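Quick notes on the structure that follows.
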Amino acid sequence: MFIPFGFMKSPAGAPAYDTDAQAFFTAVTNGGDTLTTTEKDATNQLVLDLKSAGIWTSMYLIYPFVGGTSTSTKWNLKDPQDTDAAYRITWQGTGTFSADGVKGDGGSFAGNTHLVPSTVFNSNPRHLSAYANLADTGTSYDMGSNKSGGNKNVIIIEYGNNTSYCGFGGFVTTANASGVGQVIGTYDAGASPKVNLYLNGSSANTGNATNLDEDTPMGIFCDNRSSVTGGFSPNEYTERRLATITMGGILDGTESANLYDAVQTFNTSLSRQV
């Protein structure tokens, strides 16, 4: 029997979620975890908002950190396959997983994203972002891929001195006394300025740097400073609680504001916003 597409309905009582959101929910469920209806609705709206803003396709990975377990929070919303190539997180150490996000321990907890900048970015334009809803009074990195320093592909929401950083071969900074919120860093070698830092959706500073993408994966809740190709040796672990992380293609000022709006709406729906 032919049923016109516009009249197809979901089974009684079943929400009609975006197909990309549903793929994420299926991965979480198949991994042995359960999401609440509130978490599903919020995540689905995040997908819709990113698509409406035209930035979904710019994303390589999105970690919404929902479900409150080490397994539910490992999945990449953009590509929820259980593989390193899909940037599924491998956790090490002991973090705190809750409905409010994922909290570091400041000493051993880190996540290996398996995203290798020299392979994935390869000197091309990109963005990094992290949203924190609990501060850390120490000196710590929220993400990074370095060897002996150089501050390449780094986000620091607050570094013990009321300052937020993004680094792409050199730091660009802005005041952030609260130690929480969203920091977005963008890098484009062909632009001037090359580096843009956004705090809570607003342009906060710009600068220039010479970036050299490392062949070691991006670490989160730390800075990965392995000297071995593909290696993972975390340093300067954060105690911050992070609620959402993204990495992907370049975002302009409007797109960065739209990313913040979508992420803020998402976390507000989960009552964990700042």
Side-chain angles (χ1 to χ4, degrees), residues 18 20-21 24 39 41-66 73 76-78 100-102 113 125-136 141-143 153-159 162-168 171-188 191 193 195-207 218 220-221 238 240-274:
D18 176 273
D20 287 302
F24 175 79
E39 288 172 325
D41 290 347
T43 303
N44 185 69
Q45 191 61 51
L46 174 62
V47 173
L48 295 177
D49 288 346
L50 294 176
K51 289 183 176 182
S52 177
I55 55 179
W56 172 260
T57 56
S58 298
M59 300 295 158
Y60 302 161
L61 62 79
I62 306 166
Y63 299 137
F65 294 151
V66 289
T73 54
N76 173 10
L77 174 59
K78 183 63 186 293
D100 291 322
V102 180
T113 69
R126 83 292 304 266
H127 87 274
L128 310 171
S129 84
Y131 182 104
N133 56 18
L134 185 67
D136 175 3
Y141 284 60
D142 296 289
M143 65 175 69
N153 292 301
V154 167
I155 289 287
I156 302 172
I157 291 174
E158 194 268 343
Y159 196 75
N162 301 325
T163 304
S164 291
Y165 293 73
C166 68
F168 298 97
F171 274 137
V172 174
T173 69
T174 190
N176 182 13
S178 70
V180 294
Q182 186 196 52
V183 174
I184 303 172
T186 69
Y187 174 79
D188 183 355
V195 181
N196 290 273
L197 186 156
Y198 302 88
L199 179 63
N200 297 329
S202 297
S203 179
N205 202 356
T206 63
M218 289 291 293
I220 54 177
F221 295 88
T238 188
R240 266 181 292 278
R241 187 173 60 219
L242 304 182
T244 315
I245 286 174
T246 72
M247 304 182 197
I250 192 76
L251 302 176
D252 62 22
T254 298
E255 291 167 332
S256 294
N258 288 340
L259 174 58
Y260 170 72
D261 288 344
V263 169
Q264 182 72 353
T265 296
F266 167 66
N267 285 296
T268 299
S269 296
L270 297 174
S271 300
R272 63 185 198 182
Q273 79 280 6
V274 292

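As the structure is a computational prediction, the values presented were derived from the model and not from experiment.
When Ile184, Ile220, Leu128, Ile245 are each tested for a side chain to side chain contact (heavy atoms under 4.5 Å, CB included) with Ile155, only one passes: Leu128.
Atom CG of residue Asp136 and atom CD1 of residue Ile157 lie 10.5 Å apart, to the nearest 0.5 angstrom.
Contact check for Leu77 versus Met59: no side-chain heavy atoms found under the 4.5 Å cut-off. The closest side-chain heavy-atom distance from Thr206 to Val172 is not below 4.5 Å. Residues Val154 and Tyr165 fail the side-chain proximity criterion, which asks for heavy atoms closer than 4.5 Å.
Applying the side-chain hydrogen bond (donor to acceptor under 3.5 Å, both in side chains) rule to Ser178 yields the partners Asn176; only residues at least two apart in sequence or on another chain are considered. By the side chain to side chain contact (heavy atoms under 4.5 Å, CB included) test, Thr174 is found to be paired with Ser164, Leu197, Leu199, Ala204, residues two or more places apart in sequence or in another chain being considered. Among residues two or more places apart in sequence or in another chain, the ring pair (Phe, Tyr, Trp, His ring centres under 6.0 Å) test is passed with Phe266 by none. Applying the side-chain hydrogen bond (donor to acceptor under 3.5 Å, both in side chains) criterion to Ser129, with sequence neighbours excluded, gives Thr246. Under the rule for a salt bridge (charged side-chain N to carboxylate O under 4.0 Å, His left out), Asp100 has no partner lying at least two apart in sequence or in another chain. Contacts of Ala135 classified as side chain to side chain contact (heavy atoms under 4.5 Å, CB included), with partners at least two apart in sequence or in another chain: Val180. Applying the ring pair (Phe, Tyr, Trp, His ring centres under 6.0 Å) rule to Tyr260 yields no partners; only residues at least two apart in sequence or on another chain are considered. Annotation: side chain to side chain contact (heavy atoms under 4.5 Å, CB included) contacts of Ser202 (sequence neighbours excluded): none. Every residue was checked against the side-chain hydrogen bond (donor to acceptor under 3.5 Å, both in side chains) condition with Asn162, not counting sequence neighbours, and none meets it. Residues forming a side chain to side chain contact (heavy atoms under 4.5 Å, CB included) with Leu134 (at least two apart in sequence, or on another chain): Lys103, Arg241.
In terms of heavy-atom proximity, Met143 sits nearest to Met218 at SD-CE, 3.9 Å. Leu251 and Glu255 get closest at one heavy-atom pair: CA-OE1, 3.4 Å. In this structure, Thr173 and Asn205 approach most closely via the heavy-atom pair O-ND2, 2.8 Å. Across all non-hydrogen atoms, the minimal contact from Phe24 to Val66 is CE2-CG2, 3.8 Å. The minimum heavy-atom distance linking Leu46 with Ala262 is given by the pair CD1-O, 3.7 Å. Taking all atoms of both residues into account, the shortest heavy-atom contact from Lys78 to Leu61 is CB-CA, 4.4 Å.
Of the possible donor and acceptor atoms, one in the side chain of His127 sits under 3.5 Å from a partner among the backbone N and O of Gly249. Thr163 places no side-chain N or O within 3.5 Å of a backbone atom of Tyr159 that could act as its donor or acceptor partner. Looking only at distances, a side-chain donor or acceptor of Arg240 sits under 3.5 Å from a matching main-chain atom of Glu158.
Using cut-offs of 30° and 60° for the angle between ring planes, the Phe168 and Tyr187 rings count as parallel. The aromatic rings of Phe65 and Phe221 sit tilted relative to each other, their planes meeting at an angle between 30° and 60°.
Sorted by first and then second residue, the side chain to side chain donor-acceptor pair (under 3.5 Å) pairs with a member in residues 44-65 read Asp18-Lys51, Asp20-Lys51, Gln45-Asp49; sequence neighbours excluded. For residues 264-274, every residue pair satisfying the side chain to side chain donor-acceptor pair (under 3.5 Å) rule, not counting sequence neighbours, is listed here: Tyr131-Gln264, Thr244-Asn267, Asn267-Arg272.
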